[in-house]
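Lettering follows sequence order; numbering is per chain, from 1.
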Amino acid sequence: MNKFFVIYEKLFRTYRPQGWWPILSLAGKKGFDADGYHKGSYDYPWNEQQRFEIILGAILTQNTSWKNVEKSLKVLQEKDLLSAENMEALSERKLASLIKSSGYFNQKAKKIKAMIAFLKSKKPITRDNLLSIWGVGPETADSILLYAYHKPVFVIDAYTRRIFSRIGLCKADVRYEELQQMFHKDLEKNVELFNEYHALIVEHAKAHCRTKPDCEKCPLLSLCKYGRRLKPDLD
DNA sequence: TCCCAGGGGCCGA
DNA sequence: TCGGCCCATGGG
């Protein structure tokens, strides 16, 4: 039995489609809710501006809650700065002041500037090329590849390590590429599946598998090593 | 007041 | 290669 897919199905049945990656500039439009989520649809042919918005979000959300990122994106949207062309003219200092709510604003302004320079270079959007950009690590690169460019790469984050190490499928400090390989090996390389699965992992980490876990009504309790240790009377 | 959030760069061992 | 530190706001 393919454990990774079983877990996906349990999460999907519990939390339903998550509508990732949210596109704020399309919020309220047909197929998009008030926060830009598009539940059950994965194959929007993002144009350059929408891709850029996803890339911005991927950088701004580094170690930061999405709510704080939304605030920054709204500020940028109001100033018509959700395009690489318009943002390029902005000074790094000014950009930093506009994305304050996302935290690490000096670093992130520098990262966004580096990303814009890369996009302008017209180099191919490959994982290696993305990783060569200052401020882009494996999670950010894979988020961009999956959600902006529809490439079938599984995104690993701190939540993925936490959930799957508690379940007992990997160590808590498993290397990024190692855990990613486990997903790639066990799952069909499918963009929609990878899109939804990662989003469901984030939702599950917020709903139950928090730093201090709430195992009581966890949908994965029956197959989780950690949860079963807390509830030995499960069988 | 403290902890955590959809990480990544840098530096010294 | 790996651990430790830095970056910083905002919500619970």
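Distance check, rounded to the nearest 0.5 Å: OH of A/Y15 to CD1 of A/I201 gives 11.5 Å. Between the CG atom in A/L220 and the CD1 atom in A/I163 there is a gap of 7.5 Å [rounded to 0.5 Å].
OP1 or OP2 of B/dC10 lies within a sub-4.0 Å distance of a side-chain N or O belonging to A/W134. Between A/T211 and B/dA5 there is a side-chain polar atom (N or O) within less than 4.0 angstrom of OP1 or OP2. Note on A/R162: every side-chain N or O is 4.0 Å or more away from OP1 and OP2 of B/dC4. Close to C/dC2, at under 4.0 Å from its OP1 or OP2, lies a side-chain N or O of A/R175. Within the structure, every side-chain polar atom (N or O) of A/K206 is placed at least 4.0 Å from both OP1 and OP2 of B/dA5. Contact between the side-chain N/O atoms of A/T140 and the OP1/OP2 oxygens of B/dG8 is found at a separation under 4.0 Å.
Positionally, the nearest nucleotide of DNA chain C for A/D173 lies more toward the 5' end than for the other of A/D173 and A/S101. For the pair A/V136 and A/P22, both in contact range of DNA chain B, the more 5′-proximal nearest nucleotide belongs to A/P22. The residue among A/V202 and A/L131 whose nearest nucleotide of DNA chain B is located toward the 5' end is A/V202.
When only modelled atom types and interatomic distance are considered, A/S102 and A/T64 share no side-chain donor-acceptor pair under 3.5 Å. For the residue pair A/Q49 and A/S83, no side-chain donor N or O sits within less than 3.5 Å of a side-chain acceptor on the partner.
Contacts of A/V155 with the nucleic acid, taken as non-hydrogen atoms under 4.0 Å apart, are absent. Nucleic acid contact for A/Q107: base, since at least one base atom lies under 4.0 Å from a heavy atom of the residue. A/G103 comes within 4.0 angstrom of a base, heavy atoms only.
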Determine whether A/E53 and A/S25 satisfy the following criterion, side-chain hydrogen bond (donor to acceptor under 3.5 Å, both in side chains), listing intermediate values before the conclusion. CA-CA 8 Å; A/E53 186 185 329; A/S25 58; 2.7 Å; yes
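Under the 3.5 Å distance criterion, the side-chain polar atoms of A/H38 are matched with a main-chain donor or acceptor of A/W20.
Shown here, B/dC10 forms a base pair with C/dG4; the pair counts as Watson-Crick or G-U wobble because both key distances fall under 3.5 Å.
Interface residues of residues 63-79 of chain A facing DNA chain B, ordered by number: A/N63, A/T64, A/S65, A/W66; criterion, heavy-atom separation under 4.0 Å.
Stacking between A/W20 and the base of B/dG6 is present: ring centres sit under 5.5 Å apart and the planes differ by under 30 degrees.
Within a 6.0 Å radius of CZ in A/R210, other residues, nucleotides and ligands contribute more than 12 heavy atoms.
Straight-line distance between the P atoms of B/dG6 and C/dC2: roughly 26 Å, to the nearest whole Å.
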